[in-house]
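When reading the values below, keep in mind they use all heavy atoms of this one structure, side chains included, and skip hydrogens, waters and symmetry mates.
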Amino acid sequence: SALFQHVGLEIDDNVMSYIEKTTKSKDSSRLNRDSAKNVKSWKKRLSPEEITRIKQGTSEVWRKFYLETDW
């Protein structure tokens, strides 16, 4: 993984297994969840005011990760 290489960590089958177990889980818990389904759940959990505050507070970096339409 590029992230692991960037921070100088090795990735092996055990690490990949753990990542898959905790990001593709059908049972959501504190440590396990279906990340693909969870990626936009913040839109339901946060108020419009909270979203605006986060967008303004992260204005220098959010454009690297989100499009304007994602907000």
Check your understanding: Should Leu67 and Ile51 be regarded as members of a common hydrophobic cluster, given that ILVMFWY residues are connected when their side-chain heavy atoms come within less than 4.5 Å of each other, either directly or indirectly?
Key -> no
Point to revise | Pairs where residues 55-68 contributes a residue and the test side chain to side chain donor-acceptor pair (under 3.5 Å) is met, not counting sequence neighbours | key: Lys55-Glu68
Check your understanding: Under the side-chain hydrogen bond (donor to acceptor under 3.5 Å, both in side chains) test, which residues partner Ser47, sequence neighbours left out?
Key -> Glu49, Glu50
Review point. Going by the salt bridge (charged side-chain N to carboxylate O under 4.0 Å, His left out) test, which pairs reach into residues 39-48, not counting sequence neighbours?
Key: none
Listing, residues 5-14 side-chain donor-acceptor contacts under 3.5 Å, not counting sequence neighbours, or none:
unit_1 : atom_1 : unit_2 : atom_2 : d
Asp12  : OD1    : Asn14  : N      : 3.0
Asp12  : OD1    : Val15  : N      : 2.9

Exercise for review: Evaluate the side-chain proximity of Thr52 to Trp71: yes if any heavy-atom separation is below 4.5 Å, no if none is.
Suggested key: no
Study note, to complete from the structure: Hits for side chain to side chain contact (heavy atoms under 4.5 Å, CB included) against Leu3, two or more places apart or cross-chain, chain-then-number order -> Ser1
Exercise for review: Of all the heavy-atom pairs spanning Ile19 and Thr23, show the shortest one and how long it is.
Suggested key: O-OG1, 2.6 Å
